[in-house]
Q: 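I am attaching a structure below and will ask some questions about it afterwards.
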Amino acid sequence: MQNLKNAPIGIFDSGIGGLTVAKAVIEALPNEDIIYFGDTARVPYGIKSEETIRTYALQITNFLLKKKVKMILIACNTVSASAKEEIIRAAGDIPVLDVISAGSRNAVSLPNHRHVGVIGTLATVNSNAYPEAIHAFDPTIKISQQACPLLVPLAEEGWIDNEVAKQTLHYYLDEFDESGIQSLILGCTHYPLFKEVIPKVLKNGNIEIIDSAESIAASAKTKLEELDLLNQTGGDFQCFVSDRPQRFHELAERFLGKSLNGVEVVNLD
Ligand code: DGL
């Protein structure tokens with residue numbers, strides 16, 4: 001029987017953005033083996049229907065289960081919003097963590113933060129998943145949401161701090177400045193790339209930025225400790241995509257902070 005401690009952690013996303021989560025997990029858990037899947041053939045998910053997102057997410061879950069992962073991290077906010085329950089059911093005994101639960105828990109843990117801002121894709125914002133997750137912890141917290149669909153293509157182009165990026169962020173975030181939010185959840189895999197520039201755009205310098213990637217990495221560490229499943233001897237990072245491995249390879253460094261050894265293409269069924 002496989003030693004579960006040495007089994008890899010499976011992380012998946014609609015594409016490359018989930019590498020921000022992989023980066024945070026590598027920092028928090030450097031001795032874990034990681035299998036990453038990015039659905040580059042079908043990204044973006046943020047503008048698709050819940051039914052389609054669920055179908056894709058279950059195919060990826062099955063792929064990771066075949067790889068004998070010991071834990072699944074849903075790096076994609078859009079998948080977390082639309083398919084979390086289905087993935088948990090499909091995974092059986094394998095623990096499943098998602099960015100929305102982790103980011104929401106982090107947001108409510110901040111003392112005296114009564115008004116939380118959330119930015120994400122259209123699908124994430126329309127699903128109301130962040131407000132529901134936050135209100136499950138504390139129903140009295142006020143929440144303001146804003147979909148920011150243009151930030152995903154900007155991040156993929158590497159336009160993260162030029163004038164276009166700043167203007168786009170102003171367009172999306174200026175109302176937040178007036179609404180009195182005290183924290184801002186980056187509710188999309190790509191948004192941590194704007195972490196440096198967002199505080200420069202916001203007029204209120206006291207808004208705390210919550211990076212869901214860091215939140216889920218901390219939750220994964222706690223969960224593995226609880227289950228006594230921490231690996232002390234790993235550290236491999238394997239990447240699988242459904243299309244265009246070369247482009248994934250080229251962009252990976254921007255999201256992961258280092259270059260990849262290789263990327264393999266797989267066909268999901
Ligand atoms: N990964 C998605 C998310 O976190 C962003 C990209 C997409 O729309 O697929 O919501």
Side-chain angles (χ1 to χ4, degrees), residues 10-25 36-61 64 72-84 87 96-104 106 117-133 145-160 165 168 172 184-195 198 209-217 219 239-244 247-248 251-252 254-256 268:
I11 303 179
F12 79 93
D13 179 45
S14 54
I16 194 157
L19 288 179
T20 54
V21 170
K23 180 176 183 231
V25 174
Y36 180 90
F37 182 86
D39 198 359
T40 48
R42 304 187 290 199
V43 70
Y45 283 11
I47 50 169
K48 295 197 166 67
S49 70
E50 289 211 334
E51 202 185 341
T52 299
I53 295 164
R54 281 188 199 126
T55 304
Y56 294 169
L58 285 176
Q59 289 172 341
I60 301 168
T61 302
L64 292 175
I72 293 177
L73 304 184
I74 311 173
C76 182
N77 289 262
T78 303
V79 171
S80 305
S82 307
K84 184 178 89 175
I87 295 167
V96 176
L97 305 185
D98 72 283
V99 271
I100 292 187
S101 306
S104 301
N106 196 349
V118 179
I119 50 175
T121 64
L122 278 169
T124 297
V125 167
N126 289 342
S127 76
N128 243 9
Y130 268 106
E132 279 168 18
Q145 296 196 92
Q146 172 68 51
C148 307
L150 287 178
L151 296 188
V152 167
L154 284 177
E156 300 229 344
E157 278 307 312
W159 288 19
I160 52 177
T168 310
Y172 289 136
L184 178 64
I185 298 182
L186 306 181
C188 172
T189 46
H190 289 59
Y191 300 176
L193 268 71
F194 300 97
K195 221 159 68 173
I198 286 175
I209 307 291
I210 299 175
D211 179 348
S212 299
E214 284 171 8
S215 307
I216 195 173
S219 300
C239 250
F240 297 88
V241 295
S242 47
D243 199 8
R244 301 192 69 195
R247 176 163 164 83
F248 189 90
L251 293 183
R254 190 175 302 150
F255 290 82
L256 193 63
L268 297 178

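The analysis underlying the following values was restricted to heavy atoms, covering all of them including side chains, and did not include hydrogens, waters or symmetry mates. Indexing begins at 1, ligand by ligand and atom by atom, following the structure's order.
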Q: Taking atom CZ of Arg244 as the centre, does the number of heavy atoms from other residues, nucleotides or ligands within less than 6.0 Å exceed 12?
A: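 No, because the 6.0 Å sphere around CZ of Arg244 holds 12 heavy atoms or fewer from other groups.
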Q: Verify, without hydrogens or angle tests, whether Ser242 (side chain) and Thr40 (backbone) share a donor-acceptor contact under 3.5 angstrom.
A: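 At least one qualifying donor-acceptor pair exists.
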Q: Quick check against the 3.5 Å criterion: does Lys84 have a side-chain atom that pairs as donor or acceptor with the backbone of Ser101?
A: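 The answer is no, because no donor-acceptor pair under 3.5 Å joins these two groups.
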Q: Against Phe12, only a single residue in Ile87, Val21, Leu73 fulfils side chain to side chain contact (heavy atoms under 4.5 Å, CB included); can you say which?
A: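 Of the listed options, the one satisfying the test is Ile87.
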Q: Measure and list all N/O to N/O distances between ligand 1 and the protein that fall under 3.5 angstrom.
A:
unit_1	atom_1	unit_2	atom_2	d
ligand 1	1 (N)	Asp13	OD1	2.7
ligand 1	1 (N)	Ser14	OG	3.1
ligand 1	1 (N)	Thr189	OG1	2.9
ligand 1	4 (O)	Asn77	N	3.0
ligand 1	4 (O)	Asn77	ND2	3.3
ligand 1	4 (O)	Thr189	N	2.9
ligand 1	4 (O)	Thr189	OG1	3.2
ligand 1	8 (O)	Tyr45	N	3.4
ligand 1	8 (O)	Gly46	N	2.8
ligand 1	9 (O)	Ser14	OG	2.6
ligand 1	9 (O)	Tyr45	N	2.7
ligand 1	10 (O)	Thr78	N	3.2
ligand 1	10 (O)	Thr78	OG1	2.6

Q: Can any side-chain N or O of Tyr172 pair as donor or acceptor with the backbone N or O of Leu150 at less than 3.5 Å?
A: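 At least one qualifying donor-acceptor pair exists.
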Q: What I'd like to find out is whether the side chain of Tyr130 reaches to under 4.5 Å of the side chain of Ser212, using heavy atoms alone.
A: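 A side-chain contact under 4.5 Å exists here.
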